[in-house]
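This report refers to the structure that appears directly beneath it.
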Amino acid sequence: MSDRRSPLHSAHVAAGAKMVPFGGWEMPLHYETGTLAEHLACRSGAVAFDVSHLGTVRVTGSGALGSLQRAFTNDLERVGPGRAQYTHLLDPADASVTDDIIVWWTGPEHFEVMPNASNTDRVLAALRTGSSDCGVADVTADRAVIAVQGPAARDRLRPLSPEAAAVGRFRVAAAGVAGAEATVAGTGYTGEDGVEMAVPADQAAGVWQALVSAGIAPAGLGARDTLRLEAGLPLHGHELGPGITSRQAGMGWVVRFDKGDFRGREAAWVERERGPSRVLRGLVAKDRRPPRQGCAVRRNGAEVGVVTSGNFSPVLGRGIALALMAPETNAGDEVAIDVRGRDLAAVVADPPFHRR
Amino acid sequence: MHVPENLRYSPDHEWALVDGDAVRVGITDYAQDALGDVVYVDLPEVGARLDQGSPFGEVESTKSVSDLYAPVAGTVTEVNQDLVDAPERLNEDPYGEGWICVIAPDDLSQVGNMLDPGTYRSLIEG
């Protein structure tokens, strides 16, 4: 089966993007500027990412709220319409995180659930089996999703759409952007201020062009990954996934036991009582060498963890990593990362590695 | 992709430049483009003995790690220390300031067994 293409595919190719397969999609890894320049542009100015590979599952109707409350770990009753919430879908067998998801609560009985690309079908299946009195529809193909991120994101977006630029952190609102009816959320995955917007597929190219013309440079998934790593944000398949629980990933706050029953509650409660067997920590290398997923971490010769994501931090100028570590390890501990048979000296640190 | 006429090439995308009795080695324009932004170069030690085709270092980009293979057998006489703090030179100038090391070859004629520019060009364009 060939990879799916974003509504912005032609725009990326025309801009000289290097297109790569990602989660069943063909997406831009970087443009002619390169990953490091795109990373730094997001830290200092504003960039736009095409994140259309994220799924959108629309859940509507009188039973929508109840269905989502029973499916996911976080408590939507703590927010309300016009808000976005980060949440997890658990495997009931062991409380592993089947997917991490953003829910946009766009109207009283209207939700846009956004899973990771490769998990959309799992999330759809979980919602269809456990829901009642609501419609569940995969509308991924109908829209593009564009993330505008960086300290200058709102300033550069404002001339195009004052409404979009004004959407607050974890708020959601409808806004006209360059002639398109967009749904805009104050969310992102870079550690910077900014918004993400869903726009109709047939108007996406025009919106993208308007953003670029407003000084918001395209950035690829390569920079998105180094940015999220520097910000200490988990990526499914690395810091979350089969065998890894919310609590191990340091995200116990996403699991709200006080809201009533939900998928995976029992297994998550068992782990909560017992305490996590390992915890996610940061590692900062002493030089530029990037640690990589799967590298063992040792302290005084004993194995104390494994790297889940690693790369070069453009802001720190050093290798950085997230690692699942023994609970007794602490920030400041000196460790050695086994990079293909050679020790890379590093220090345990609490993420994020970069704060805006 | 730029493939200079005065160099010889390996199928692993190293180039070799004969300079008197020595052979200067680096990675090709094609290799640096495929790697993306280089962030770390693991250089060999001066004095290291290399067998032809053996790995002698690594180039790491934001997306992947790539081994370096010795195009000829010999002894490392010089390494490009500037790459330690400025690995981006491999992207900016792969045939110039991005050179990796100089080898004193056991048998200079091994360079003649490497790919000529035309053959290498058809390899990367094929």
Side-chain angles (χ1 to χ4, degrees), chain A residues 16-22 27-42 219-230 235 285-295 307 309-321 337-344 346, chain B residues 1-2 12-13 27-51 54-70 76 79-94 96-98 100-101 124-125:
Chain A
K18 187 175 203 96
M19 305 300 291
V20 294
F22 185 84
M27 298 298 290
L29 181 66
H30 59 77
Y31 298 82
E32 285 174 355
T33 37
T35 294
L36 294 179
E38 291 163 20
H39 180 112
L40 295 170
C42 181
L221 296 185
R224 187 168 150 88
D225 191 49
T226 52
L227 286 158
R228 71 93 193 165
L229 179 62
E230 224 169 49
L235 174 61
K286 300 244 165 116
D287 66 33
R288 297 176 60 104
R289 180 164 225 166
R292 303 286 181 179
Q293 185 177 23
C295 291
V307 170
S309 293
N311 213 318
F312 173 73
S313 162
V315 167
L316 299 182
R318 291 161 183 255
I320 56 169
I337 306 171
D338 182 342
V339 182
R340 295 177 297 284
R342 276 194 288 169
D343 281 354
L344 172 62
Chain B
M1 294 299 156
H2 187 40
D12 305 305
H13 311 290
I27 65 166
T28 65
D29 189 25
Y30 174 86
Q32 69 79 22
D33 183 69
L35 278 164
D37 287 343
V38 174
V39 294
Y40 181 82
V41 184
D42 180 37
L43 295 164
E45 307 251 330
V46 169
R49 282 281 317 152
L50 307 179
D51 294 327
S54 66
F56 71 92
E58 291 176 338
V59 177
E60 299 210 29
S61 70
T62 51
K63 68 178 183 197
S64 65
V65 187
S66 187
D67 278 319
L68 296 165
Y69 296 98
V76 176
V79 297
N80 186 358
Q81 288 294 343
D82 291 347
L83 297 179
V84 173
D85 293 320
E88 64 273 11
R89 289 186 184 181
L90 253 133
N91 294 114
E92 293 161 0
D93 191 8
E97 290 196 338
I100 291 170
C101 67
I124 60 176
E125 287 166 4

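Nothing here was measured: the structure is a model prediction, and the numbers come from that model. These values consider heavy atoms only, across backbone and side chains, with no hydrogens, waters or symmetry-generated copies.
Of the atoms belonging to B:Val41, not a single heavy atom falls under 4.5 Å from chain A. For chain B, the nearby part of A:Asp287 is the side chain; its heavy atoms alone come within less than 4.5 Å.
Residue B:Glu60 holds its CD atom at 4.5 Å from CZ of A:Arg340, rounded to the nearest 0.5 Å.
Counting heavy-atom pairs closer than 4.5 Å to chain B, the top residue among A:Pro290, A:Ala223, A:Pro314 is A:Pro290.
Checking A:Arg318, A:Arg288, A:Arg289 one by one against B:Val39, the side-chain contact (heavy atoms from CB on, under 4.5 Å) holds for a single residue, A:Arg288.
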I'd like a table of donor-acceptor pairs (distance under 3.5 Å, sequence neighbours excluded) in which one partner is a side-chain atom from residues 27-37 of chain A, with atom names and distances.
unit_1: A:Tyr31; atom_1: OH; unit_2: A:His12; atom_2: ND1; d: 2.9
unit_1: A:Thr33; atom_1: OG1; unit_2: A:Glu38; atom_2: OE2; d: 2.8

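Heavy atoms of other residues, nucleotides or ligands lying less than 6.0 angstrom from CZ of A:Arg342 number 12 at most.
Taking the charged nitrogens against the carboxylate oxygens, A:Lys18 and B:Asp33 do have a contact shorter than 4.0 Å, which makes a salt bridge.
Across all non-hydrogen atoms, the minimal contact from A:Arg292 to B:Lys63 is NH1-C, 4.2 Å.
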